[in-house]
Amino acid sequence: MQGTIDGVTYEIPRHIAVIMDGNGRWAKKRLMPRGFGHRQGGKTLEQACEDVWHLGVQYFTVYAFSTENWKRSVEEVTGIMNILRNYLKTAAERCNRENMRMRVIGDRTILDADIQSEIHRVEEATKQNTGLQFTVAINYGGRDEIRRAMVKIAKEVEEGKLSADAVTDEVIKNHLDTWELPDPDLLIRTSGEERISNFLLWQLAYAEFYFTDVLWPDFDRKCFIDAIKYYNSRDRRYGGVKDDKKIRK
Ligand code: FPP
């Protein structure tokens with residue numbers, strides 16, 4: 001879909017995914033503990049939801065906590081979980097005010113029981129909302145998501161509900177945590193790292209990647225506009241050729 005930013009028309013990515021990296025370095029630069037960076041990262045995220053929606057983005061998915069992040073110190077993990085806890089407490093009210101729907105992807109079954117029930121409450125309370133479709137990845141890993149989808153499919157095959165030959169790309173997509181979402185058009189990773197770190201491995205197949213040195217807590221509306229401009233400079237072909245002209249041999 002097209003949108004106008006500062007008087008110029010751009011193709012706006014329908015779905016933007018973000019690896020919010022650099023919170024720790026942002027805090028270190030200020031001689032502050034890492035948790036300070038995560039707290040600021042949380043504030044940046046709240047503003048980001050407003051910014052992307054006003055820029056015309058419909059789906060926004062962020063990586064808040066990976067299946068690998070448990071390797072961090074107990075203090076840091078507890079700090080991130082507490083930021084999530086606090087965020088979730090007011091999320092339903094905030095989302096409803098903005099007509100925003102919130103979903104969580106990842107394996108939530110090992111999260112603390114109170115976080116699991118808050119997630120359920122927010123998802124239920126916002127499921128009618130038609131504005132920004134906001135998704136937070138918590139205890140998420142792309143390989144783990146694919147593995148869990150494979151287990152579900154294998155069980156359906158075992159129970160005779162599905163034949164093995166009927167397992168198409170579409171069937172796999174429909175068993176992923178993101179089954180209701182279109183694939184991201186644009187992936188942004190902040191802080192200079194250029195990896196996807198197990199994020200949305202299936203879904204990013206045709207996404208454009210935008211890497212920037214900006215640390216996540218500093219990522220503002222102008223940074224999103226720069227990313228959208230970069231996206232507009234790309235020529236998306238999905239494995240075909242430009243202008244859909246077929247090459248005939
Ligand atoms: C990566 O930076 C960031 C994280 C692992 C945590 C992201 C979490 C938040 C922004 C908290 C808010 C979430 C919600 C849903 C409210 P890093 O710690 O790896 O930074 P570094 O590479 O500079 O050390």
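Keep in mind that the numbers below use all heavy atoms, side chains included, and drop hydrogens, waters and symmetry copies.
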Listing request: all salt bridge (charged side-chain N to carboxylate O under 4.0 Å, His left out) pairs with a residue in residues 80-90, at least two apart in sequence or in separate chains. R85-D112, R85-D114
Which residues share a salt bridge (charged side-chain N to carboxylate O under 4.0 Å, His left out) with R97, sequence neighbours left out: none
Given the rule in the side-chain hydrogen bond (donor to acceptor under 3.5 Å, both in side chains) test, do R25 and S191 qualify, once you have shown the distances and angles that lead to the verdict? CA-CA 9 Å; R25 275 163 286 167; S191 90; 2.8 Å; yes
Judged by modelled atom types alone, do D107 and T67 share a side-chain donor-acceptor pair under 3.5 Å? no
For residues T178 and R103, is any side-chain donor paired with an opposing acceptor at under 3.5 Å? no
Is a side-chain donor or acceptor of E145 paired with a backbone partner of D177 at a separation under 3.5 angstrom? yes
Could you pull out all residues at least two apart from D226 that satisfy salt bridge (charged side-chain N to carboxylate O under 4.0 Å, His left out)? K222
Side-chain donor or acceptor of H15 paired with backbone N/O of P182 under 3.5 Å: yes
Other cluster members, W202 - Ile/Leu/Val/Met/Phe/Trp/Tyr, side-chain contacts below 4.5 Å: I19, Y63, I105, Y140, I146, M150, I153, V157, L162, V167, V171, I172, L176, L187, I196, F199, L200, L201, L204, F209, F211
So F134 and F60, would you call those rings parallel, tilted or perpendicular, with 30° and 60° as cut-offs? parallel
I'd like to check the salt bridge (charged side-chain N to carboxylate O under 4.0 Å, His left out) partners of R14; sequence neighbours left out, ordered by chain and number. none
If you look only at pairs with a residue in residues 159-168, which of them pass as a salt bridge (charged side-chain N to carboxylate O under 4.0 Å, His left out), with sequence neighbours excluded? E159-K161
For the residue pair W216 and F224, categorise the inter-ring angle as parallel (less than 30°), tilted (30 to 60°) or perpendicular (more than 60°). perpendicular
Has K173 got a side-chain atom pairing as donor or acceptor with W179's backbone, closer than 3.5 angstrom? yes
Contacts of type side chain to side chain contact (heavy atoms under 4.5 Å, CB included), residue V57, not counting sequence neighbours: I12, I16, V52
Who pairs with T135 by side-chain hydrogen bond (donor to acceptor under 3.5 Å, both in side chains), at least two apart in sequence or on another chain? none
Going by the rule side chain to side chain contact (heavy atoms under 4.5 Å, CB included), which residues pair with S117 if we only count those two or more places apart in sequence or in a different chain? none
No-hydrogen, no-angle side-chain donor-acceptor test under 3.5 Å, N99 and W53: no
Return a table of donor-acceptor pairs under 3.5 angstrom between the side chains of residues 4-11 and protein atoms on other chains or two or more places apart.
unit_1	atom_1	unit_2	atom_2	d
E11	OE2	M1	N	2.9

Where at least one partner belongs to residues 50-72, residue pairs that pass salt bridge (charged side-chain N to carboxylate O under 4.0 Å, His left out), sequence neighbours excluded: R72-E76
Just jot down the salt bridge (charged side-chain N to carboxylate O under 4.0 Å, His left out) partners of E98, sequence neighbours excluded, or say none. none
